[in-house]
Amino acid sequence: MFLIDVKSRKPIYAQVVDHFKRLIVSGVLHPDEKVPSVRDMAHTLTINPNTVQKAYRELEAQGYFYTVIGQGNFIAAPDASREVEAHFLRLREAAQELLYRGVPMEKIIDAIKGGHGND
């Protein structure tokens with residue numbers, strides 16, 4: 001399904017979260033589709049089951065997964081309002097960071113509109 005970069009500075013559980021998000025956002029995984037069990041995913045990725053469990057909990061907290069007791073984890077249908085608000089928050093934080101670092105607002109807006117931002 002995906003590879004884990006053990007040399008990355010990013011924690012393994014966060015890599016699992018990011019990979020699942022990419023698969024969901026790109027449409028590879030669909031709402032109500034069952035995901036592999038924690039044990040199966042840990043075996044496939046050759047990582048500790050506790051790491052997979054942490055990733056699954058994070059994905060559920062972010063609204064990407066839901067759990068059915070006794071049946072496992074499933075892909076959640078997107079909650080558009082919550083997702084959009086979360087994206088705006090991240091965008092606002094990134095813009096504030098860029099402004100702090102001296103990037104002009106016009107360059108930030110250009111990057112958001114699809115420009116390169118490094119002109």
Side-chain angles (χ1 to χ4, degrees):
M1 187 176 267
F2 45 78
L3 299 173
I4 298 300
D5 180 3
V6 293
K7 295 179 182 176
S8 173
R9 294 181 67 154
K10 182 177 262 190
I12 292 173
Y13 88 92
Q15 291 181 52
V16 173
V17 169
D18 289 348
H19 285 298
F20 267 110
K21 284 173 147 181
R22 271 194 225 75
L23 292 172
I24 293 166
V25 170
S26 66
V28 174
L29 297 176
H30 305 286
D32 300 321
E33 187 173 335
K34 189 173 185 345
V35 296
S37 70
V38 169
R39 182 178 292 157
D40 288 345
M41 182 59 70
H43 179 75
T44 300
L45 299 175
T46 62
I47 60 175
N48 190 305
N50 292 329
T51 303
V52 175
Q53 183 62 45
K54 184 174 183 177
Y56 279 22
R57 277 195 307 265
E58 180 66 23
L59 286 159
E60 187 167 3
Q62 292 182 20
Y64 287 91
F65 279 15
Y66 68 91
T67 302
V68 176
I69 305 288
Q71 293 185 23
N73 296 293
F74 298 83
I75 304 299
D79 177 358
S81 62
R82 191 168 103 182
E83 277 186 43
V84 168
E85 191 56 39
H87 286 299
F88 275 123
L89 177 61
R90 287 193 298 276
L91 178 61
R92 195 171 21 254
E93 290 170 349
Q96 288 171 344
E97 176 73 21
L98 290 169
L99 287 169
Y100 174 76
R101 296 188 178 273
V103 176
M105 179 62 79
E106 298 76 28
K107 222 175 208 186
I108 297 169
I109 291 169
D110 183 50
I112 291 169
K113 287 181 177 179
H116 295 292
N118 345 332
D119 300 333

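Atoms considered below: every heavy atom in the structure, side chains included; atoms not considered: hydrogens, waters and symmetry mates. We number each residue from 1, following the sequence as shown.
- Rounded to the nearest 0.5 Å, atoms CD1 (Ile4) and CG (Leu45) are 5.0 Å apart.
- With sequence neighbours excluded, no residue forms a side chain to side chain donor-acceptor pair (under 3.5 Å) with Gln53.
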Please step through ring-ring contact (aromatic ring centres under 6.0 Å, His included) for the pair Phe74 and Phe65, ending with a clear verdict. CA-CA 5 Å; Phe74 298 83; Phe65 279 15; 9.5 Å; no
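- One finds the NZ atom of Lys107 at 14.0 Å from the CD1 atom of Ile112 (value rounded to the nearest 0.5 Å).
- Taking OH from Tyr56 and OG1 from Thr67, the interatomic distance works out to 10.0 Å, rounded to the nearest 0.5 Å.
- A distance of 10.5 Å separates CG of Leu59 from OH of Tyr13, quoted to the nearest 0.5 Å.
- From Ile12, atom CD1 reaches atom OG1 of Thr51 across 6.0 Å, with rounding to the nearest 0.5 Å.
- Residues passing the salt bridge (Lys or Arg N to Asp or Glu O under 4.0 Å) test with Arg92 are Glu85, sequence neighbours excluded.
- Nearest heavy atom pair, residue Val38 against residue Pro49, reads CG1-O, 3.3 Å.
- Placement of Met105 and Leu98 within a single hydrophobic cluster is found when ILVMFWY residues are connected by side-chain heavy-atom separations under 4.5 Å, directly or transitively.
- For Lys10, the side chain to side chain contact (heavy atoms under 4.5 Å, CB included) test picks out Ser8, Ala14, Gln15, Asp18, with sequence neighbours left out.
- Scored by the salt bridge (Lys or Arg N to Asp or Glu O under 4.0 Å) test, Asp40 finds no partners at all (sequence neighbours excluded).
- A heavy-atom distance below 4.5 Å is found between the side chains of Phe2 and Leu23.
- No salt bridge links Lys54 with Glu58; every basic N to acidic carboxylate O contact stays at or beyond 4.0 Å.
- Not counting sequence neighbours, the partners of Ser26 by the side chain to side chain contact (heavy atoms under 4.5 Å, CB included) test are Val28.
- Listed for the Glu33 side chain is a donor-acceptor partner under 3.5 Å among the backbone atoms of His30.
- Other residues, nucleotides and ligands place more than 12 heavy atoms under 6.0 Å from the CZ atom of Arg22.
- The distance from atom CD of Glu93 to atom CZ of Phe88, rounded to the nearest 0.5 Å, is 13.5 Å.
- There is no path of hydrophobic side-chain contacts, each under 4.5 Å, that joins Leu89 to Leu91.
- A heavy-atom distance below 4.5 Å is found between the side chains of Val35 and Ile75.
- Although no hydrogens or angles enter the test, the distance criterion places a donor-acceptor pair under 3.5 Å between the side chain of Lys34 and the main chain of Gln71.
- Taking the side chain to side chain contact (heavy atoms under 4.5 Å, CB included) definition, one finds that Ala76 meets it with Tyr66, sequence neighbours left out.
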